[in-house]
Student: 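Pasting a structure here, questions to come.
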Amino acid sequence: MNLRQVIEEVFAQPAIPYEPQRHSLKAWATYCLRDRGFKVVYAQGADFAIEYQRNKVYFNVTTPREDLDSTMGWIVWDAATQQTHILLPQP
């Protein structure tokens, strides 16, 4: 399985539902990833990084899906559909 598929599975069945009145999107995303065994670390210039197969993949989290920098990974929460979309960085 590739990284995108694994992360999509994490957010298809998250450990806890996203509740914006209780926690931030970043806190929820990092909690869900750590709950599934990902090593989530601090990243300067990004919300966080995931250490995966000896590499770091940098991620930001957002709700609108406009003007996203393709050099970074994105976890996008769509409030209308209550779904998360994963965009990996483009080389």
Student: Checking Glu8 now: which residues fulfil side chain to side chain donor-acceptor pair (under 3.5 Å) with it, not counting sequence neighbours?
Tutor: Arg4
Student: Quick one: list whatever passes side-chain contact (heavy atoms from CB on, under 4.5 Å) with Glu19, sequence neighbours left out.
Tutor: Pro17, Gln21, Arg22, His23
Student: I want to check something: taking the side chain as every heavy atom from C-beta on, are Phe11 and Cys32 in contact at a cut-off of under 4.5 Å?
Tutor: yes
Student: What residues form a side-chain contact (heavy atoms from CB on, under 4.5 Å) with Thr71, not counting sequence neighbours?
Tutor: Asp69
Student: By the salt bridge (Lys or Arg N to Asp or Glu O under 4.0 Å) test, which pairs, at least two apart or in different chains, include something from residues 24-49?
Tutor: Lys39-Glu51
Student: Mind checking ring pair (Phe, Tyr, Trp, His ring centres under 6.0 Å) for Phe48 and listing every partner two or more places apart, or none if nothing turns up?
Tutor: none
Student: Is there any ring pair (Phe, Tyr, Trp, His ring centres under 6.0 Å) pair reaching into residues 72-91, and which pairs are they, with sequence neighbours excluded?
Tutor: Tyr18-Trp77, Trp28-Trp77
Student: Under the side-chain contact (heavy atoms from CB on, under 4.5 Å) test, which residues partner Ala27, sequence neighbours left out?
Tutor: Ser24
Student: Please find the pair of heavy atoms, one from Gly45 and one from Met72, that lie closest to each other, and give the distance.
Tutor: O-CE, 3.6 Å
Student: Just do the side-chain contact (heavy atoms from CB on, under 4.5 Å) check on Leu88 and Phe59 with the steps written out, would you?
Tutor: CA-CA 8 Å; Leu88 292 180; Phe59 282 93; 3.8 Å; yes
Student: Could you work out, with side chain to side chain donor-acceptor pair (under 3.5 Å) as the rule, every residue matching Lys56, not counting sequence neighbours?
Tutor: none
Student: With rounding to the nearest 0.5 Å, note down the distance linking CG in Asn60 to CG in Leu87.
Tutor: 11.5 Å
Student: Which residue pairs pass the salt bridge (Lys or Arg N to Asp or Glu O under 4.0 Å) test with at least one member in residues 77-91, sequence neighbours excluded?
Tutor: none
